[in-house]
Amino acid sequence: MPLYEYRCETCAHRFEVLQRLGDDAEGIACPRCGETRVARQLSTFAARGGASSGQSFAGADCGRPACGTGFT
Ligand SMILES: [Zn+2]
């Protein structure tokens, strides 16, 4: 069952809901304020990890063993 991320239209609170594939936002309510006008956010996985993932991408780019010594 996929995990969907929603954002409340009223208080901007973000929360995750387990839903069956194809289900819409019907019946979903914000856990903080109870608002039912919530917007499904795209790409839950891309939102995770924060903005500081640039360094790990640069490290993964180089496959040579010598490159790893600078990161430890
Ligand atoms: Zn809310």
Side-chain angles (χ1 to χ4, degrees):
M1 206 151 48
L3 188 67
Y4 291 107
E5 184 175 10
Y6 284 89
R7 188 178 65 87
C8 174
E9 302 263 323
T10 297
C11 72
H13 177 60
R14 283 168 173 256
F15 57 98
E16 291 164 336
V17 179
L18 273 173
Q19 284 187 293
R20 274 188 291 269
L21 207 64
D23 276 3
D24 55 19
E26 186 111 2
I28 305 295
C30 172
R32 181 188 279 177
C33 70
E35 176 60 68
T36 52
R37 284 183 305 140
V38 293
R40 183 185 287 177
Q41 304 298 291
L42 296 175
S43 169
T44 299
F45 305 105
R48 295 194 174 280
S52 60
S53 53
Q55 271 197 343
S56 53
F57 276 123
D61 234 4
C62 180
R64 287 178 295 186
C67 281
T69 58
F71 287 90
T72 54

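Order of listing sets the numbers, starting from 1, for every ligand and every atom in it. FYI, the numbering just counts along the sequence from 1. A quick note: this is a predicted structure, and the numbers were derived from the prediction, not measured.
- Formation of a donor-acceptor pair under 3.5 Å by the Glu9 side chain with backbone atoms of Arg7 is not found in this model.
- Annotation for Tyr6 and Val38: closest pair CD2-CG2, 3.7 Å, computed over non-hydrogen atoms.
- For the residue pair Asp24 and Gln19, the shortest heavy atom distance occurs at O-NE2, 2.8 Å.
- What you find for Cys30 and Cys33 is that their closest heavy atoms are SG-N, 3.4 Å.
- A pairwise comparison of heavy atoms in Thr36 and Ala29 identifies CG2-CB, 4.0 Å as the closest pair.
- Look at Arg14 and Glu5 and you find a salt bridge, because one of the NZ, NE, NH1 or NH2 atoms lies within 4.0 Å of a carboxylate O, short of that distance.
- Protein N/O/S atoms found under 2.8 Å from the Zn ion (ligand 1): Cys8 SG, Cys11 SG, Cys30 SG, Cys33 SG.
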